[in-house]
Protein chains: 2
Amino acid sequence: MSIKMQLDPVSTLPRAPQYVHIRDSLAARIETGELIASAKLPSERELSESFNTTRVAAREALLALETEGLIYRLDRRGWFVSPPRVVYNPRSTKSFMQYVTAQGRIPTTELISAEQIGASEWAAKHLGINVGDPVYSIWRRRFIDGRPVMVEHIRMNAESFPDFLEIPLNNSITEAMSKFYSVELTRVKMNLYPSSLSASQARHLLVSPGTSGLYICRSNHDQHGKITDVDQEYWLHDVLEISLEAHKEQSE
Amino acid sequence: MSIKMQLDPVSTLPRAPQYVHIRDSLAARIETGELIASAKLPSERELSESFNTTRVAAREALLALETEGLIYRLDRRGWFVSPPRVVYNPRSTKSFMQYVTAQGRIPTTELISAEQIGASEWAAKHLGINVGDPVYSIWRRRFIDGRPVMVEHIRMNAESFPDFLEIPLNNSITEAMSKFYSVELTRVKMNLYPSSLSASQARHLLVSPGTSGLYICRSNHDQHGKITDVDQEYWLHDVLEISLEAHKEQSE
DNA sequence: CAGTGGTCTAGACCACAAC
DNA sequence: TTGTGGTCTAGACCACTGG
C-alpha cells in the first residue's frame, strides 16, 4: 500500500459545481424544517465565508433555489424561505380573499390608484368598446401573510358601473358588482404565462426588477355574456399553483 | 452664473445599470426584426467587448432577456431568439400535434422509454389504484420546429390498456386510446406552476440544469369518469401560453 | 451608520459542442 | 482544435434598508 493517497475514481467524473453543494445544504435545512417559511437566510457574505468560497458562488446557489421557488428575495433586504404555494382554481367562484383564507393564509388588498380615463387601444379591444370610451383604471396590490405577492391592473367599462370609484376598492370587486349592480360573474377567460416583472411592478412587490413572475390576464363575463372587466395580474412566480378541471369541447 | 459646470440633475438620479443598456439594445434588435426567431446572438465575449465591459455584465443582460422569455439558451451552444409562444387550451380536444400544427409550427414527438412497472405511491394515488399494481411508465420528448421544448412522464393503468406498449408511442396517445380501446378523453384535471428543470430534464431539453420551466400535471378521465392516465409535463418556460375559459361553479 | 444585496472589474480554468 | 457557455477567484464600489 503506497503512502501516497490514491485518487478516488469518482473524482475523475465531472465534479458537481461548488454552488450545488451550497444549494443542497440550504435545501436540506429547509426540508428538515431548520429553516421555516419566511425565515431569513444567512447573508450572501456569510454563506460564501462558511463555504469557503466567493459571493458569486453563494449567489448562484441562492438564484437556483429562487428559480425552483424554494426561496425568495426582498430587494436589498435578504433571502427568505418561500411559504407553500396557494392553490388558485379559476372555475371556483371564490374571490382572492376567500380562497386564500380557506387555505389558512391571510389575504390583504391595498388600493394603489383608481381613476377614470379614456380607453386605450388595448383596453377597448379587450372590453369590447371603442377607443376613448370611459373606463376605470384601477391598480391594486395584494398580500398573503403580509408579503406582497401580486399587482393587478383592472379596467372596467365605466358606463356599466356608474359611480363605481366611490365604492371602497380594497374589498372584493366581484362582490361589489353583485351587491350594487346585480352583475354576477359567470364566465372567465384567462391567458397566462411565465414572464418577468417590470421595474414598476417589482418595486411594488419589493423585489428586484427582472424577477421572474407569472402573468395572468383575465376577462370576466356576467350572466348576460357581457364583458365586465379585464384584469392583468402580475404574480411572483413562487406564489401560485393553478388548479383546473376542464370538460373537453370541440370548440377552440 | 458660475464657470463650473452644473451637474445635470438627471445624472444625480440612480443610473441605469450597465447590463440594462445591453439588454435594451438586444431587445430592440429583436423587436425590429434584425434578429429573427431562432437566430443566434453574438457570443458573451463578443457582447462584452462591443459594449466595452465584462462577461459578467453581458451575461446579466442575457439572463434578464431569458427570464422575460425573449431569448433562450442551448447549453454551451449559445443564445438564440425565442420564437412566439404556442397557445395551449386545455379544454380543446386537440392533441399536441394538432394545436401546434394549427399555429403554423411543426410538432415532433420522440419516445425516450416505455416500460411496465409496479405503481409507485405517487402513481397509485393519482391513478386511483394500489401501490404495485401494473402501470406503464412512458417518457417522451416533444419538439416544436425542431427545438426540444418539453419532456413528459406518462403513467397509465396497464390493466385498462392491455398490450398498449406494442403501439407506436411517438404518436398521439389520446388517439390510440380512442382507436384501439374505445376510450374517449372527456375531462382533464390540471395543476401547473413555474419551477425549474432537473439535471435530467435539462439534458433532454439541451439546456443548463436549473433553467426555469413550467410544470404541468394532467389527469385524464374517460367518458365513464375513470382515470386513464396521469401525465407530468416539464416545459421550457418560454414556450407555452395557457389559454382557458371557465364557467364558474360553486364547486371547489 | 452598519449591513444587505446590486453591480461590476479583470481576469482564470473547465466541460462540452461543433468543426 | 477552436469557440462556446459554465464556473470561479478576489476583490471593489454603489444604492438602499433598517436600526
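Each chain gets a letter, A, B and so on, in the order its sequence line appears, and its residues count up from 1.
Atom CG in B/Leu206 sits roughly 15 Å away from atom C1' in D/dT4 (whole-Å rounding). Atom P of nucleotide C/dT7 and atom CG of A/Leu63 are separated by 11 Å, given to the nearest angstrom. As rounded to whole Å, 15 Å separates atom P of D/dG5 from atom CD of A/Glu60. In this structure, CD of B/Gln18 is placed 18 Å from P of D/dC13, rounded to the nearest angstrom.
Side-chain contact between A/Tyr99 and A/Asn89 is absent, with no heavy-atom pair separated by less than 4.5 Å. Looking only at side-chain heavy atoms (C-beta outward), A/Glu60 and A/Arg23 stay at 4.5 Å or farther from each other.
Note that B/Arg147 lies in the cation-pi zone of B/Tyr72, set by a 6.0 Å cut-off to the ring centre and a 45° limit from the axis.
Under a cut-off of 6.0 angstrom, the local environment of CD1 in A/Ile106 is sparse, with at most 12 non-hydrogen atoms contributed by other residues, nucleotides or ligands. Within 6.0 Å of CD in B/Glu115 there are more than 12 heavy atoms belonging to other residues, nucleotides or ligands.
Among A/Leu70, A/Leu62, A/Val81, A/Ile71, the single residue meeting the side chain to side chain contact (heavy atoms under 4.5 Å, CB included) criterion with A/Leu26 is A/Leu62. Here the rule is salt bridge (Lys or Arg N to Asp or Glu O under 4.0 Å) with B/Arg55, and of B/Glu46, B/Glu44, B/Glu49 only B/Glu44 fits it.
Here A/Thr53 reaches the OP1 or OP2 of D/dT9: one of its side-chain N or O atoms lies under 4.0 Å away.
Residues of residues 195-202 of chain B that place a heavy atom closer than 4.0 Å to DNA chain C do not occur.
Among residues two or more places apart in sequence or in another chain, the side chain to side chain contact (heavy atoms under 4.5 Å, CB included) test is passed with B/Ser195 by B/Tyr193.
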When you compare the protein's N or O atoms with those of nucleotides 4-6 of chain C, which come within less than 3.5 Å of each other, and at what distance?
unit_1	atom_1	unit_2	atom_2	d
C/dG5	OP2	A/Glu44	N	2.8
C/dG5	N7	A/Arg45	NH1	2.8
C/dG5	O6	A/Arg45	NH2	3.0
C/dG5	N2	A/Arg76	NH1	3.1
C/dG6	OP1	A/Arg73	NH1	3.1
C/dG6	OP1	A/Asp75	OD1	3.4
C/dG6	OP1	A/Ser208	OG	2.5
C/dG6	OP2	A/Arg59	NH1	2.7
C/dG6	OP2	A/Arg59	NH2	2.7
C/dG6	OP2	A/Arg73	NH1	3.2
C/dG6	N7	A/Arg55	NH2	2.9
C/dG6	O6	A/Arg55	NH1	2.9

